[in-house]
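Please read all numbers here as calculations on a predicted model, not as lab measurements. Every chain is numbered from 1, with letters handed out A, B, ... down the list of sequences.
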Protein chains: 2
Amino acid sequence: MNIKLSRHQWITEAFAVLAEAGVDGIKIEGLAKRLRVTKGGFYWHFRNREDLLLHMLEQWRVGRIETIHEQTRDEDHAADTLKYLIRLYTDSTNLRGNAIELAVRDWARSDSRAAEAVEAVDRERLDCVSSLFAQLDLSPDDAYSRAYLFYSFIFGQSLLNDDSCRLEPKKIKQFCTRFLVS
Amino acid sequence: MNIKLSRHQWITEAFAVLAEAGVDGIKIEGLAKRLRVTKGGFYWHFRNREDLLLHMLEQWRVGRIETIHEQTRDEDHAADTLKYLIRLYTDSTNLRGNAIELAVRDWARSDSRAAEAVEAVDRERLDCVSSLFAQLDLSPDDAYSRAYLFYSFIFGQSLLNDDSCRLEPKKIKQFCTRFLVS
DNA sequence: ACATCTCCATACGTTTACGTATAGTTGAGT
DNA sequence: ACTCAACTATACGTAAACGTATGGAGATGT
């Protein structure tokens with residue numbers, strides 16, 4: 001019996017592999033095996049591997065931009081929103097999300113289209129978060145710089161393994177939150 | 001005429017490729033081509049590809065640990081040293097260094113030995129930098145947390161493309177430096 | 001019942017990369 | 001000049017992965 005898969009299921013599985021092994025880990029036959037089919041179906045949905053990657057990139061771009069808009073809509077409680085965002089992105093339940101984020105950025109280092117997507121997303125995120133910081137009585141430039149530091153922390157933190165720390169990660173993150181949002 | 005290469009030259013070239021294309025970009029025949037020889041010589045110096053990678057990892061580990069010790073030796077001018085470190089790592093002339101750093105971290109996500117090396121290096125770095133912060137009248141825990149934030153910034157900043165910023169990168173980095181070291 | 005659309009299986013050709021085997025070349029010491 | 005160690009060239013076998021071609025199975029509408 002044949003299992004029919006949608007284009008979307010291929011993309012979803014590809015994101016799973018992206019998180020686990022990076023772009024270079026995305027192999028068509030590998031995906032097919034995970035989905036319990038052969039690669040015949042893949043070439044029905046996509047022209048080739050490149051085609052899949054471009055669709056992933058586009059989905060990532062719009063998804064991330066949509067998400068940040070939703071997450072920063074409430075400008076009346078800027079400080080709380082910022083703290084919430086930090087908790088969200090530094091949480092250990094977000095490992096998969098962080099992995100995808102890093103994998104896409106790694107991809108961007110050797111692919112101009114990925115770099116473009118990352119740039120667009122970062123631009124949007126910096127804008128959204130800086131306008132939150134602007135609610136905390138900061139000058140526009142300071143707010144923007146603080147947003148930059150905010151995101152550097154978010155990304156950088158995901159590169160630092162908790163096991164490298166001599167202090168409880170929880171304590172460290174509380175400190176960083178207080179330090180960044182105040 | 002034959003060009004004789006040392007083991008070290010192969011490793012050096014491999015680091016160049018690592019910076020440009022990540023671990024998966026390191027191909028033996030590719031290296032040989034860049035070095036203007038064939039792969040015959042590679043297998044004289046290394047048992048196999050894995051062997052090369054392990055040697056690279058080891059060189060990276062000891063090199064990075066040595067470097068951070070040198071860079072943080074002067075504890076009498078902690079604030080200046082910290083500012084200097086930020087300038088060093090956020091400088092646009094350090095793109096290659098950042099690329100290697102990120103590539104190794106990416107590698108660590110799917111290789112336990114790489115993860116081990118990264119962990120050891122991070123541990124050392126956090127210790128060194130936190131003892132600098134401790135000179136600035138911070139409690140041990142606060143100093144350690146600040147060191148964590150410091151490195152998160154360093155790493156995170158290397159993930160954010162300058163082109164994504166609406167403000168001059170120079171200004172932003174000045175702000176971050178003041179904010180982190182004070 | 002039949003046609004059609006959607007998706008999958010299979011077989012094939014090609015490229016790329018790994019690793020091995022073996023012969024050859026070069027330079028330094030004697 | 002001879003030898004040996006250090007290194008390289010070349011040729012080969014194998015595996016993984018891409019992409020193509022073609023046939024077929026299942027569901028759906030008429």
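Distance Asp24(A) CG to dT16(C) P: 16 Å, rounded to the nearest Å. In this structure, the CH2 atom of Trp44(B) is 14 Å from the C1' atom of dT25(C), given to the nearest Å. Look at NZ on Lys33(A): it is 14 Å from P on dA9(C), rounded to the nearest Å. Atom-to-atom, NE2 of His8(B) to C1' of dC7(D) comes out at 18 Å; the value is rounded to the nearest Å. Atom-to-atom, CG of Asp51(B) to P of dC18(C) comes out at 14 Å; the value is rounded to the nearest Å. Straight-line distance from the CZ atom of Phe46(A) to the P atom of dC7(C): 11 Å, rounded to whole Å. For Leu35(A) and dC7(C), the CG to P distance is 14 Å, given to the nearest whole Å.
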Reading nucleotides 17-22 of chain D from 5' to 3' and marking B where a protein heavy atom lies under 4.0 Å of the base, S where only the sugar-phosphate is that close, and - otherwise, the string is BBBB--

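Identified under the side-chain hydrogen bond (donor to acceptor under 3.5 Å, both in side chains) test for residues 81-92 of chain B, with sequence neighbours left out: Gln71(B)-Tyr89(B), Asp91(B)-Thr93(B).
Looking at residues two or more places apart in sequence or on another chain, you find no side-chain hydrogen bond (donor to acceptor under 3.5 Å, both in side chains) involving Asp80(B).
Taking the charged nitrogens against the carboxylate oxygens, Glu101(B) and Arg105(B) do have a contact shorter than 4.0 Å, which makes a salt bridge. A salt bridge does not link Arg113(B) to Glu116(B): none of the charged nitrogens lies less than 4.0 Å from a carboxylate oxygen.
Heavy-atom minimum distance, Ala78(A) versus Gln135(A): CB-CB, 3.6 Å.
A donor-acceptor pair under 3.5 Å is formed between the side chain of Arg146(A) and the backbone N or O of Leu180(A).
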